[in-house]
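The structure appears below as structure tokens.
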Amino acid sequence: MKKVKTNAMRLLEEASIPYTLHTYDMKHPVLTPELLAKDIDRDVHLIYKTLVTKSHSGQHYVFCLPLVGELDLKKAAKAAGEKSVELIDQKDLLKLTGYERGGVSPVGMKKQYPTFLHEGCLLLSTIIVSAGKRGFQVEVDPKRILPLLSAETADLLAETKSIFK
């Protein structure tokens, strides 16, 4: 297999932040969080997704949260100090971030947008984020990438509603 080096990996190395590279099978008919976790032999709760949003004022924000979680747009807007934010259109990802859908990393975007990681990352010794290319993930210490990204932590997860209450 050809050796892959993405912008995210280069920046982590330049910042002397150690990481573990994981690869996963892109040939699954449907790639679920559980299949991804199995492919990289890690717990699914360690895997974080990266979402890009835009506020009414036109500012873009990046939010990283557990793959199995849902972004609460009101909490995200509050963390960003905005009235509201919404997810950007998928077709704009490459132009804005330099990354394609499924490979968006919070590290190494074309422009560093204000970035927020779900506060639960501080309880973990490592989290796994995209390496900037589909099929590749990097496992890093969240406390090491927060300063690299000038990122903040916040409660970003939507509450799950039980039908039994």
Side-chain angles (χ1 to χ4, degrees), residues 3-24 26 31 33-34 36-55 59-73 75-82 85 87-88 90 92-158:
K3 187 160 172 78
V4 170
K5 187 70 75 167
T6 65
N7 285 341
M9 289 184 254
R10 282 186 203 90
L11 279 172
L12 290 169
E13 288 170 7
E14 286 172 15
S16 299
I17 297 174
Y19 65 87
T20 302
L21 179 64
H22 298 284
T23 60
Y24 60 92
M26 294 293 298
L31 184 63
E34 293 75 22
L36 173 56
K38 185 178 181 208
D39 273 5
I40 65 174
D41 195 28
R42 293 294 190 265
D43 290 334
V44 72
H45 77 277
L46 296 177
I47 305 170
Y48 275 51
K49 60 187 168 188
T50 303
L51 302 175
V52 183
T53 65
K54 185 176 182 180
S55 70
Q59 172 69 46
H60 290 93
Y61 296 93
V62 175
F63 297 95
C64 296
L65 59 148
L67 183 60
V68 293
E70 182 183 339
L71 179 65
D72 183 314
L73 292 172
K75 289 179 180 179
K78 182 178 178 185
E82 294 280 355
V85 296
L87 294 174
I88 65 164
Q90 301 275 333
D92 296 328
L93 272 175
L94 183 60
K95 179 180 70 173
L96 286 170
T97 67
Y99 293 130
E100 293 181 339
R101 181 181 175 270
V104 178
S105 177
V107 182
M109 289 188 180
K110 280 183 174 182
K111 179 182 175 193
Q112 185 60 56
Y113 299 107
T115 302
F116 300 85
L117 274 70
H118 178 64
E119 63 192 7
C121 75
L122 296 174
L123 303 174
L124 303 170
S125 58
T126 61
I127 61 170
I128 301 164
V129 297
S130 175
K133 183 174 175 72
R134 292 185 73 200
F136 298 87
Q137 302 275 315
V138 287
E139 185 170 355
V140 296
D141 179 345
K143 294 165 198 76
R144 299 284 307 269
I145 64 166
L146 283 165
L148 176 68
L149 302 172
S150 299
E152 298 176 36
T153 60
D155 176 13
L156 302 174
L157 295 181

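- In this structure, L124 CG and H45 NE2 are separated by 5.0 Å, a value rounded to the nearest 0.5 Å.
- With a 6.0 Å radius and a threshold of 12 heavy atoms from other residues, nucleotides or ligands, E34 has its CD atom above the threshold.
- Residues I47 and P33 form no side-chain contact, since every pair of their non-hydrogen atoms from C-beta on lies 4.5 Å or further apart.
- Y48 places no side-chain N or O within 3.5 Å of a backbone atom of L65 that could act as its donor or acceptor partner.
- Rounding to the nearest 0.5 Å places CZ of F63 at 12.0 Å from CG of L157.
- Here NZ of K111 is found 9.0 Å from CG of L96. Values are rounded to the nearest 0.5 Å.
- In this structure a side-chain-to-backbone donor-acceptor pair under 3.5 Å is present from K143 to L122.
- No close placement of the Y61 and Y113 rings is indicated, their centers lying 6.0 Å or farther apart.
- Counting only distance, with no hydrogens or angles, the side chain of H22 and the backbone of Q137 share no donor-acceptor pair below 3.5 Å.
- Rounded to the nearest 0.5 angstrom, L146 CG and T115 OG1 are separated by 10.0 Å.
- When side chains are defined from C-beta on, L36 does not count as touching V44, because their heavy atoms never get closer than 4.5 Å.
- T6 contributes a side-chain N or O that, together with a main-chain N or O of A131, makes up a donor-acceptor pair within less than 3.5 Å.
- The shortest distance between side-chain heavy atoms of S150 and Q112 does not fall below 4.5 Å.
- With a 4.5 Å cut-off on side-chain heavy atoms, L12 and L148 count as touching.
- You'll find the side chain of I17 stays beyond 4.5 Å of the side chain of L11, heavy atoms only.
- For the atom pair CG of D43 and OG1 of T126, the computed distance is 9.5 Å after rounding to the nearest 0.5 Å.
- Of the possible polar contacts, none joining the R42 side chain to the I127 backbone as a donor-acceptor pair under 3.5 Å is found.
- One finds the NE2 atom of H118 at 6.5 Å from the CG atom of L156 (value rounded to the nearest 0.5 Å).
- Under the 3.5 Å distance criterion, with hydrogens and angles disregarded, a donor-acceptor pair is assigned to the side chains of E13 and Y19.
- Of all heavy-atom pairs between A15 and R144, the closest is O-NH2, 4.3 Å.
- Heavy-atom neighbours of E100 CD from other residues, nucleotides or ligands within 6.0 Å: at or below the threshold of 12.
- With a 6.0 Å radius and a threshold of 12 heavy atoms from other residues, nucleotides or ligands, R10 has its CZ atom above the threshold.
- Within the 3.5 Å criterion, the main-chain N or O of A158 finds no donor-acceptor partner in the side chain of K75.
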* To do: Go through M109 and V52 one step at a time and tell me if the side chain to side chain contact (heavy atoms under 4.5 Å, CB included) criterion holds.
  => CA-CA 11 Å; M109 289 188 180; V52 183; 4.1 Å; yes
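- Among N7, T50, L149, the one residue that satisfies the side chain to side chain contact (heavy atoms under 4.5 Å, CB included) test with V107 is L149.
- In this structure, the side chain of S105 engages the main chain of S130 through a donor-acceptor pair within 3.5 Å.
- For the pair L71/K49, no side-chain contact is recorded, criterion being any heavy-atom separation below 4.5 Å from C-beta on.
- Using a distance-only test at 3.5 Å, with no hydrogens or angles considered, a donor-acceptor pair links the side chain of K110 to the main chain of K95.
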* Asked: Under the side chain to side chain contact (heavy atoms under 4.5 Å, CB included) criterion, do I145 and L117 qualify, and how do the steps go?
  -> CA-CA 10 Å; I145 64 166; L117 274 70; 4.3 Å; yes
